[in-house]
Protein chains: 2
Amino acid sequence: MNKHSKPQPTESELGILKVLWQDGPSSVRHINDLLNKERETGYTTTLKLMQIMLEKKLVTRNEEKRTHIYAANVSQESAQKGIIAKILNTAFSGSAKNLVLQALGNHDASLEELNEVKALITKLENEKKS
Amino acid sequence: MNKHSKPQPTESELGILKVLWQDGPSSVRHINDLLNKERETGYTTTLKLMQIMLEKKLVTRNEEKRTHIYAANVSQESAQKGIIAKILNTAFSGSAKNLVLQALGNHDASLEELNEVKALITKLENEKKS
DNA sequence: TTTGATCTACGAATTATTTCGTATATACTT
DNA sequence: AAGTATATACGAAATAATTCGTAGATCAAA
């Protein structure tokens with residue numbers, strides 16, 4: 001859609017995107033309230049960050065009302081893809097397997113989740129065999 | 001072992017650790033040479049970074065010879081664990097499953113790798129059932 | 001219509017990270 | 001021994017990311 005690809009979101013920007021992904025289009029106030037549950041952050045700090053994100057096209061905003069409403073302009077999936085690509089090379093020597101083993105090994109996924117993952121793998125295997 | 005836990009390595013620091021993990025204890029020269037295959041970096045830049053890492057205890061060094069030899073002082077596993085923990089919360093809403101799906105879905109792992117992952121999952125499932 | 005709350009804009013301070021230049025010491029070569 | 005290459009140390013510049021204060025607009029309530 002855009003000729004220029006968006007930069008990878010920074011750490012703080014991801015925190016904001018996370019809320020937008022979860023709750024959908026939101027005001028600065030809403031986001032700042034949520035962020036403050038995790039960690040004290042000034043209102044104008046959050047505002048400034050979101051204005052920067054607007055410049056970077058990481059979000060869009062609706063200015064009809066006085067209180068602007070921001071929306072994520074990158075999907076969670078694409079952001080995830082970028083992050084994984086980056087850490088694969090730096091921390092995991094390019095091995096997706098190792099990444100997966102760490103993720104599953106250390107953070108207990110539910111039985112149900114494990115099954116879903118297994119199902120995906122079977123699917124991938126079949127695709128490869130054909 | 002240490003009373004104070006080591007800070008998370010920064011992006012550049014990870015690049016250095018990556019070499020140390022791969023090649024074992026190395027001189028600054030060696031690391032800088034490898035880094036330069038990816039991206040131009042001045043020698044003293046790498047040196048300085050490694051001195052900082054020494055302060056942070058991310059590496060140790062042997063000073064017997066004039067050319068100091070640095071060694072990683074964090075395992076690749078523990079660094080991986082830290083990174084995954086961080087991105088799980090920010091980008092993946094805490095779902096290890098989603099992280100795994102992305103990792104496997106986008107970067108083609110080999111059949112062999114897929115099998116290994118599957119084996120691990122089966123093992124985890126059995127642990128849970130007991 | 002004055003007061004108070006809330007909003008945006010935006011410059012600038014602060015902090016974190018990365019990069020580099022220079023001084024100085026040590027080793028190697030001729 | 002002199003000259004050249006290669007080390008470390010370290011301050012400080014450059015860059016990136018985060019945080020904050022202040023000014024001015026808008027709205028809502030007394």
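Letters A, B, ... mirror the listed sequences (proteins, then strands); counts begin at 1.
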Inset, instruction - List the steps and the verdict of side chain to side chain contact (heavy atoms under 4.5 Å, CB included) for A/Gln22 and A/Lys18. - result: CA-CA 6 Å; A/Gln22 279 176 352; A/Lys18 184 185 167 190; 3.8 Å; yes

Inset, instruction - Show your reasoning for whether side chain to side chain contact (heavy atoms under 4.5 Å, CB included) applies to A/Leu99 and B/Ile84. - result: CA-CA 8 Å; A/Leu99 197 167; B/Ile84 286 189; 4.3 Å; yes

Provide a list of protein-nucleic acid N or O atom pairs under 3.5 angstrom, restricted to nucleotides 17-19 of chain C.
residue, atom, partner, partner atom, Å
C/dT18, OP1, B/Ser12, N, 3.2
C/dT18, OP1, B/Ser12, OG, 2.7
C/dT18, OP2, B/Thr10, OG1, 2.7
C/dT18, O5', B/Ser12, OG, 3.3
C/dT19, OP1, B/Arg39, NH2, 2.3

Could you go through nucleotides 28-30 of chain D and list every protein N or O atom that sits under 3.5 Å from one of its N or O atoms, giving the distance for each pair?
none

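A continuous path of hydrophobic side-chain contacts links B/Ile121 to A/Leu120 [ILVMFWY only; heavy atoms under 4.5 Å].
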What side-chain donor-acceptor pairs closer than 3.5 Å can you find for residues 41-56 of chain A, not counting sequence neighbours?
residue, atom, partner, partner atom, Å
A/Thr41, OG1, A/Arg39, O, 2.9
A/Thr46, OG1, A/Asn32, ND2, 2.7
A/Lys56, NZ, A/Glu13, OE1, 3.3
A/Lys56, NZ, A/Glu13, OE2, 2.8

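Within the structure, the side chain to side chain donor-acceptor pair (under 3.5 Å) test picks out the following pairs touching residues 60-69 of chain A (sequence neighbours left out): A/Arg61-A/Glu63, A/Arg61-A/Tyr70. Applying the side chain to side chain donor-acceptor pair (under 3.5 Å) test to residues at least two apart or on different chains, the pairs with a partner in residues 84-97 of chain B are A/Gln76-B/Ser93, A/Glu116-B/Lys97, B/Ser95-B/Asn98.
As rounded to whole Å, 15 Å separates atom C1' of D/dT18 from atom CE of A/Met50. In this structure, OH of B/Tyr70 is placed 10 Å from C1' of D/dA9, rounded to the nearest angstrom. For the pair A/Met53 CE and D/dA17 P, the computed distance is 13 Å after rounding to whole Å. Protein atom CG of A/Leu47 is 14 Å distant from nucleotide atom P of D/dG21, rounded to whole Å. Rounded to whole Å, atom C1' of C/dA9 lies 12 Å from atom CG of A/Leu54. Across the protein-nucleic acid pair, B/Glu55 atom CD and C/dA16 atom C1' stand 15 Å apart, rounded to whole Å.
Listed by chain and number, the residues in a side-chain hydrogen bond (donor to acceptor under 3.5 Å, both in side chains) with B/Thr122 are A/Lys118 (sequence neighbours excluded). Residues satisfying the side-chain hydrogen bond (donor to acceptor under 3.5 Å, both in side chains) criterion with A/Asp23, sequence neighbours excluded, are A/His30. For A/Gln8, the side chain to side chain contact (heavy atoms under 4.5 Å, CB included) criterion is met by A/Ile83, not counting sequence neighbours. For B/Glu40, there are no salt bridge (charged side-chain N to carboxylate O under 4.0 Å, His left out) partners at least two apart in sequence or on another chain. Applying the salt bridge (charged side-chain N to carboxylate O under 4.0 Å, His left out) criterion to A/Glu38, with sequence neighbours excluded, gives no partner residue.
Using a 4.0 Å cutoff on non-hydrogen atoms, the parts of residues 28-37 of chain A near DNA chain C are A/Arg29, ordered by number.
With hydrogens and angles disregarded, no donor-acceptor distance shorter than 3.5 Å links the side chain of A/Trp21 to the backbone of B/Ala91. A/Glu113 contributes no side-chain N or O that, together with a main-chain N or O of B/Ala96, makes up a donor-acceptor pair within less than 3.5 Å.
Phosphate proximity of C/dG21 to B/Tyr43: absent, as no side-chain N or O sits under 4.0 Å from OP1 or OP2. For B/Arg61 and D/dA9, the shortest distance from a side-chain N or O to OP1 or OP2 is below 4.0 Å. OP1 or OP2 of C/dA9 has at least one side-chain nitrogen or oxygen of A/Gln51 nearer than 4.0 Å.
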Inset, instruction - Going 5' to 3' through nucleotides 25-30 of chain C, assign each nucleotide B (protein heavy atom under 4.0 Å from a base atom), S (under 4.0 Å only from sugar-phosphate atoms) or - (no protein heavy atom that close). - result: BBS---

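The nearest pair of heavy atoms linking A/Pro25 to A/Ile69 is CB-CG2, 3.6 Å.
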